[in-house]
Visitor: 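Below is the structure I would like to discuss, written out as structure tokens.
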Amino acid sequence: VDRLARSTALHARARAFASAFERGGPPPEGFDALAADLARYQAAHVEGYARLCRARGVDPERLTRAQDAPPVPTDAFKLTRVSAFEEHEATAVFRTSGTTLGARGTHAMRDVSTYDAGAVAFGRAWLARDLEVRVPVVVIGPSPAAAPDSSLVHMCHAFVRAFGQEAGDASTYVVEGDVIDLSAFDERVTVALAKSEPMLVLGTSFGFVHFLDALGDATFALPRGSRVMQTGGFKGKSREIAPEVLRREIARVFAIDPRAVVSEYGMTELSSQFYEKTLFEPAAEHGTFAEPPWARVVPVDPESLAPVPDGEVGIAKIVDLMNVDSAAFVLTQDRVRRVEGGFELLGRAVGAPPRGCSIAIDELLGRSDA
Amino acid sequence: VSGDRIAHVRRLLEAARRVAARRDALVPAIVESTGLSPEGVALALDHHLEVDATDHEIAALVRAAGSAPRVAVVLSANVFVGALRAIALARAASDEVVVRPSRRDPAFARALVLEAGDPSIVLDEALDVARCEGGEIHVYGRDQTIDEVAARARPGVVVRGHGAGMGIAWISSRAELAAAAAGLASDVVVFDQRGCLSPRIALVEGDAPRALAFAHALHDELERRDVEIPRGQLPAGERGVAARYVATMTYAGTVLVGRDHAIGVACTVAPLVLPPPYRHVHVAPCGSRDAARAALEPLAASVTTVGSDDLDGARALAPSRARAARLGAMQRPPLDGPVDLRTR
């Protein structure tokens with residue numbers, strides 16, 4: 001009961017950050033205060049996190065700053081439950097994409113409304129803040145029923161509910177199995193054009209590559225004011241295209257401004273997402289991601305985990321206050337750099353480049369993001 | 001099998017023996033280029049330079065080598081003594097051998113070719129594989145390197161790639177844990193676990209407490225070896241990877257961290273974790289050999305050798321084209337052909 005009550009109270013505090021943000025108000029409390037309470041809660045109820053704190057010489061009871069809390073490597077999500085609650089209490093279970101070793105990370109949630117609140121609040125800010133009415137939303141991806149364990153599909157579904165017009169799954173999620181339903185997409189575009197309604201198109205990078213390949217030379221000019229959110233890497237699911245080339249191609253095919261093609265950075269192990277600000281901020285550049293007030297991306301030295309000086313490249317330690325019942329402090333394998341207005345994503349960390357005939361761990365483990 | 005070819009290989013082994021005997025001038029350069037400690041270099045020269053091959057083994061190597069009008073050998077770094085087998089294979093196959101030593105680690109290969117004084121073996125440190133006409137290119141290194149060489153090779157040139165790989169240890173239910181740990185520690189320490197036969201994962205037949213007991217025994221052995229044969233310099237990029245593995249296993253299981261090594265102990269065999277090289281071993285309990293085979297399935301293409309206290313068990317567990325060896329001998333395969341039987 002104590003655990004549940006603590007969790008519920010922490011969820012409420014986390015959601016208060018999202019509510020305040022939606023209202024345009026200041027955060028309801030200090031970031032470090034909630035972060036430290038989350039560290040204490042997670043150390044008390046997750047044995048692995050307590051061990052990690054001990055190994056790092058950190059006493060959670062004395063923590064006052066988020067930067068001092070040890071982060072949980074994303075690999076841990078593949079090996080064990082990263083969770084402060086019993087298995088049967090989960091209301092949502094998200095899984096990472098598979099790796100060469102076959103392991104998929106699992107991120108279970110007891111109260112998914114906190115995830116939804118943060119995702120919708122920050123998604124609205126960088127994808128839909130100018131939309132006064134619901135718009136046609138199309139997902140170049142499977143439906144939640146077809147991919148119930150994908151956090152990305154869950155997030156897209158939350159956007160469909162928050163920003164989208166009623167349309168039904170078949171007209172909203174245009175990928176079924178390996179097939180892209182171009183006629184369903186065409187119908188949505190035709191109607192939107194007739195009504196002059198801007199569209200929001202969501203999808204993964206590899207989904208867009210398949211979409212572009214399926215289109216061939218055809219184009220799908222979207223209504224004025226339309227925008228696209230693309231996310232994720234390629235994961236071997238399609239040919240790889242440089243980000244700027246993919247963005248240019250998406251903009252060309254949909255006849256929209258490249259600045260209306262917004263990248264999102266997120267991962268299954270997190271509850272928060274990060275966005276490029278190009279749609280709404282004229283000075284913003286592609287490749288620079290903004291953080292919500294409830295999450296911080298800190299480039300750290302991969303060995304000491306100490307923050308690197310501003311402008312230097314480090315591994316992303318992400319403090320995510322929405323990860324109430326799992327890990328609020330996550331160590332990714334992504335290289336990042338702080339820049340004015342956010343952070344840059346510079347690809348995945350690798351070990352020492354030349355490994356001779358010894359196998360490279362990165363080649364075998366693959367990416368954990370989904 | 002041609003007696004001449006056996007004789008050519010035998011002369012190369014003798015040259016290697018002389019190079020090893022005059023090591024004083026060579027060791028600092030090898031330490032510098034490989035990052036191994038001086039003790040690690042000495043260990044490799046004393047126990048892992050394959051100069052004591054039998055005629056039977058050399059005959060097998062000559063058979064495995066086949067025949068080619070000319071062979072270009074593109075060497076990799078890390079396992080510096082591997083140059084001997086690589087050049088021996090090429091010489092067994094051809095009377096016209098060109099050797100391009102690794103740019104990062106040229107010292108031993110250079111010394112070996114010069115010492116051999118065999119007019120059929122020449123060094124070409126600027127060898128351009130795209131200019132090789134006919135014959136074979138034997139390339140050692142990362143899979144990406146092999147692919148690049150294959151892409152650049154002229155039509156008609158056969159490219160034989162010796163790529164990335166790893167070893168697995170199987171500790172059977174009959175194993176005496178201390179002895180098994182001693183054997184595995186020997187296999188881990190050599191080349192600082194950077195070889196394509198180096199064991200990275202140890203599956204312990206039995207339950208979690210037995211796996212933990214084995215891990216403690218291995219930890220004790222590695223503590224001792226860390227003093228005798230210190231690990232070389234850990235590259236900056238590897239330190240972060242190592243720290244990440246330790247943090248992951250601290251969270252998800254148990255970690256035993258020593259002076260120059262770390263052992264992660266998992267509670268279950270699946271999913272397997274591949275620890276980084278430089279003396280990191282992942283230990284997991286495993287109910288049976290079948291369960292081990294299933295757990296290793298995703299890695300099967302990368303497994304070059306299975307070491308065990310139970311040689312029959314190792315053979316049964318080894319994927320096709322992987323070697324089987326006793327613990328302690330995983331890094332000393334007979335000189336009977338390519339070290340990596342998966343050679344493509």
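In what follows, chains carry the letters A, B, and so on, assigned in the order in which the sequence lines appear, proteins first and then strands, with residues in each chain numbered from 1.
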Visitor: Provide the closest heavy-atom pair for Ala76(A) versus Tyr251(B) in the form atom of the first, atom of the second, distance.
Guide: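 Ala76(A) and Tyr251(B) have their closest heavy atoms at CB-CD2, 3.8 Å.
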
Visitor: In this structure, are over 12 heavy atoms from other groups packed under 6.0 Å from Glu148(B) atom CD?
Guide: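 Atom CD in Glu148(B) is crowded, with more than 12 foreign heavy atoms closer than 6.0 Å.
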
Visitor: Non-hydrogen contacts under 4.5 angstrom with chain B: give the residues of residues 55-67 of chain A involved, or none if there are none.
Guide: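 Hits under 4.5 Å: Ala55(A).
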
Visitor: Nearest 0.5 Å, what's the OG1-CG distance between Thr248(B) and Leu331(A)?
Guide: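 The CG atom of Leu331(A) is 8.0 Å from OG1 of Thr248(B), to the nearest 0.5 Å.
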
Visitor: What part of Arg81(A) gets within 4.5 angstrom of chain B, counting heavy atoms only: side chain, backbone, both, or neither?
Guide: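 For Arg81(A), the contact with chain B is made by the backbone alone.
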
Visitor: Inspect the surroundings of CZ in Arg103(B) and state if more than 12 heavy atoms from other residues, nucleotides or ligands are less than 6.0 Å away.
Guide: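 At most 12 heavy atoms, drawn from other residues, nucleotides or ligands, come within 6.0 Å of this atom.
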
Visitor: Any chance you could measure Met249(B), atom CE, to Asp75(A), atom CG, to the nearest 0.5 Å?
Guide: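 CG of Asp75(A) is found 10.5 Å from CE of Met249(B).
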
Visitor: The criterion is salt bridge (Lys or Arg N to Asp or Glu O under 4.0 Å); which residues satisfy it with Arg231(B), sequence neighbours excluded?
Guide: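 Listed in chain order: nothing, the list is empty.
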
Visitor: Got a sec: does the CD of Glu89(A) have more than 12 other heavy atoms crowding it under 6.0 Å?
Guide: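 More than 12 within 6.0 Å, yes.
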
Visitor: Taking all non-hydrogen atoms of both residues into account, name the closest pair between Arg51(A) and Gly253(B) and its distance.
Guide: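 Nearest pair, atom of Arg51(A) first, then Gly253(B): NE-O, 3.3 Å.
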
Visitor: Residue by residue, which of residues 295-324 of chain A have a heavy atom closer than 4.5 Å to a heavy atom belonging to chain B?
Guide: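 Within residues 295-324 of chain A, the residues that come under 4.5 Å of chain B (heavy atoms only) are Pro302(A), Glu303(A).
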
Visitor: May I ask you to test the Arg244(B)-Thr74(A) pair for a side-chain heavy-atom distance under 4.5 Å?
Guide: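 In contact.
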
Visitor: Restricting to non-hydrogen atoms, name the atom on Leu52(A) and the atom on Ala247(B) that form the minimum distance, rounded to 0.1 Å.
Guide: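 Shortest heavy-atom contact: CD1-O, 3.6 Å.
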
Visitor: Counting only heavy atoms from other residues, nucleotides and ligands, does the tally under 6.0 Å from CD of Glu125(B) exceed 12?
Guide: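 It does: Glu125(B) CD has more than 12 such atoms within range.
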
Visitor: Select one option (side chain, backbone, both, neither) describing which atoms of Val82(A) are under 4.5 Å from chain B's heavy atoms.
Guide: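 Looking at Val82(A), backbone and side chain both touch chain B.
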
Visitor: Of all the residues in residues 34-43 of chain A, which have a heavy atom that comes within less than 4.5 Å of a heavy atom in chain B?
Guide: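 When heavy atoms of chain B are the reference, residues 34-43 of chain A contributes no residue within the under-4.5 Å range.
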
